[in-house]
Amino acid sequence: MNDAPEVFLEARRPGLLGDPSFLRLLQSRAMGQVAQNALLYGLLILIVEETGSSIHTVLLVTAATLPSILFGIPAGAVAEWLPRRGLIVAGYLLRASIVGAMLYFRDDVWVIYALLFGFSTVGQLTGPAESAAIPQMVRPEQVAAANSFFVLSVMAGQVGGAIIIAPFLLKIFGDRAVLAVAAAIFVLAAMLATGIRGLRRQLIHSGEAKMGVVRALAEGWRVINSSDRAFMAMVYLTITAAFARSIAVLAPHYTRDILKIATEDTVFVVAPAAIGALLALGLTPLVARLFGASKAAAAGFVLLALGLIGLGLVVYVRDFVVSHVDLGISFLEDRVGVSSVITMAMILAIPVGFAVTMVQVASKAVLNGEAPAGTQARVFATQSALSDALALVPLFVIGTVAEFAGVREVLLVAASAGLAAAAYLSLLRRLASAEPAPT
């Protein structure tokens with residue numbers, strides 16, 4: 001009988017979307033993602049059209065990711081003790097100001113790189129604060145679902161920013177309109193974030209807030225390396241991040257060189273990935289509950305590597321499908337005039353989007369479960385910094401080799417190498433765990 005009030009209160013607790021504070025956090029994050037993706041897509045097309053070089057595209061991606069390597073870890077420690085709502089609001093407003101500066105200096109490519117570097121630096125404070133807020137705002141059994149909604153906000157940002165807003169504005173009004181609208185949306189995200197409640201600072205010792213980069217890295221790595229599940233989640237997130245950035249660098253060149261269409265039509269080829277992402281958002285929490293988040297992340301990673309290999313071999317995949325499976329590809333080519341190779345690439349984008357999303361949701365759920373309270377922001381900052389650092393050199397190699405060897409060859413080698421690296425690290429981890437402890 002004494003447990004009845006607790007059971008009644010548990011039943012009365014609102015769901016995730018019934019919590020106004022979590023909903024505001026989700027809405028502000030979605031708006032920020034819309035603005036960020038519109039901005040990055042506009043800059044990507046601008047750089048490709050101005051320079052025509054994949055190396056310059058790599059420089060753009062590097063300017064966006066380098067701050068995570070340099071400042072991500074100390075920023076994660078700072079995010080543990082700063083007021084998180086104020087940090088999120090200030091971050092959106094500051095990024096709106098930086099985008100305004102890009103609008104003024106948009107004719108100077110090198111100034112754009114510098115401003116993008118500053119833009120991403122601000123994100124190193126707000127990103128870990130948003131990720132670390134999840135365990136504070138939801139119940140333990142809701143963590144995977146909350147991460148799903150967070151990834152959904154990213155997907156909504158990609159669809160709204162890079163598939164709807166940016167292409168429309170680029171076609172009709174040009175890149176200046178993309179920058180102006182992105183700045184306005186960041187301001188809207190800041191206004192939404194002012195309504196977030198329930199975020200509290202972690203009660204940590206002042207010395208921890210002042211810890212240096214090396215000590216913070218060691219602390220974050222200690223948590224990640226504390227279990228096989230957390231370690232492999234880090235591996236999957238790192239290689240997936242490298243894959244995602246490689247796709248961003250190669251996509252305009254893939255559409256131009258392999259699919260033989262204009263670079264500004266890249267969005268229409270990758271748009272079906274959003275379908276797969278939405279499916280993964282609904283299925284990943286279920287798969288994680290049935291089989292475990294670690295196994296869900298591993299399955300998603302393997303599917304991603306196979307999807308990239310399929311894109312590299314898209315012509316041969318098209319031939320096999322046309323010969324053995326009736327998907328209506330030939331009908332579309334004959335009646336609508338859409339190349340069957342383009343249609344096959346769009347179909348393959350669906351499992352790629354599914355796989356990327358499954359890896360992100362499941363791996364972050366693993367880290368949420370393995371990281372103790374008070375270390376969440378540092379763990380996510382460490383993961384982000386290590387992922388970006390380890391992905392940077394392969395990204396330069398991919399961008400440079402693509403100039404000479406071609407996009408198809410680079411996709412095949414990168415996907416195969418990533419799959420082999422993950423298998424090798426998993427095997428090493430298992431062998432190390434199997435060794436008897438010293439007496």
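With a 4.5 Å cut-off on side-chain heavy atoms, Leu411 and Ile309 do not count as touching. Residues Thr121 and Phe117 form a side-chain contact, since some pair of their non-hydrogen atoms from C-beta on lies under 4.5 Å apart. Residues Thr284 and Thr357 are not in side-chain contact: their nearest non-hydrogen atoms beyond the backbone lie 4.5 Å or more apart. Using a 4.5 Å cut-off on side-chain heavy atoms (C-beta onward), Gln36 and Arg95 make contact. For the pair Phe119/Ile112, no side-chain contact is recorded, criterion being any heavy-atom separation below 4.5 Å from C-beta on. Contact of the Ile239 side chain with the Leu304 side chain is not registered, since no non-hydrogen atoms from C-beta on lie closer than 4.5 Å. Considering only heavy atoms from C-beta on, Tyr254 comes within 4.5 Å of Val314 through its side chain. For the pair Leu40 and Leu44, the minimum side-chain heavy-atom distance is 4.5 Å or more.
Side-chain atoms of Ser416 do not come within 3.5 Å of backbone N or O of Val413 as any donor-acceptor pair. The backbone N or O of Leu25 sits less than 3.5 Å from a side-chain atom of Ser28, completing a donor-acceptor pair.
Separating the CZ atom in Arg245 from the OG1 atom in Thr62 is a distance of 9.5 Å, to the nearest 0.5 Å. Leu43 CG to Leu179 CG: the interatomic distance, rounded to the nearest 0.5 Å, is 6.0 Å. If you take CZ on Arg24 and CE on Met191, they are separated by 9.5 Å, rounding to the nearest 0.5 Å. Taken from CD in Gln27 to OG in Ser153, the straight-line distance is 11.0 Å, to the nearest 0.5 Å. Note: Leu192 CG to Leu23 CG = 9.5 Å, rounded to the nearest 0.5 Å. Annotation: the span from Leu169 atom CG to Arg176 atom CZ amounts to 14.0 Å, rounded to 0.5 Å.
Residue Met344 is tested with Leu259, Leu311, Val317 for a side chain to side chain contact (heavy atoms under 4.5 Å, CB included); the sole match is Val317. Only one option out of Val356, Leu306, Leu419, Val235 pairs with Phe301 in a side chain to side chain contact (heavy atoms under 4.5 Å, CB included); it is Leu419.
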**Request:** List the steps, then state whether side chain to side chain contact (heavy atoms under 4.5 Å, CB included) holds for Asp175 with Leu170.
**Result:** CA-CA 5 Å; Asp175 54 88; Leu170 281 171; 3.9 Å; yes
**Test log, rule side chain to side chain contact (heavy atoms under 4.5 Å, CB included), inputs Ile185 and Ile165** = CA-CA 11 Å; Ile185 297 176; Ile165 294 177; 4.0 Å; yes
**Item:** Leu93 and Phe186: CA distance, side-chain angles, deciding distance, side chain to side chain contact (heavy atoms under 4.5 Å, CB included) verdict
**Value:** CA-CA 7 Å; Leu93 292 176; Phe186 274 124; over 6 Å; no
**Message:** Checking Leu39 against Met102 for the side chain to side chain contact (heavy atoms under 4.5 Å, CB included) test, could you report, in this order, the C-alpha distance in whole Å, the side-chain angles of both residues, the deciding distance, and whether it holds?
**Reply:** CA-CA 10 Å; Leu39 171 69; Met102 289 181 182; 3.7 Å; yes
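For the residue pair Leu237 and Ser363, the shortest heavy atom distance occurs at CG-CB, 3.5 Å. The shortest heavy-atom contact between Ala298 and Tyr236 is CB-OH, 3.4 Å. Across Ala96 and Ala183, no two heavy atoms sit closer than the pair CB-O, 3.6 Å. Shortest non-hydrogen contact noted between Leu303 and Pro351 is CD2-O, 3.9 Å. Shortest non-hydrogen contact noted between Ala293 and Val366 is CB-CG2, 3.5 Å. For the pair Met232 and Ala422, the tightest heavy-atom approach, listed with the atom from each and the gap, is CE-O, 3.9 Å.
Scored by the side-chain hydrogen bond (donor to acceptor under 3.5 Å, both in side chains) test, Ser294 finds no partners at all (sequence neighbours excluded). Listed by chain and residue number, Glu130 satisfy the side-chain hydrogen bond (donor to acceptor under 3.5 Å, both in side chains) test with Tyr92 (two or more places apart in sequence, or in another chain).
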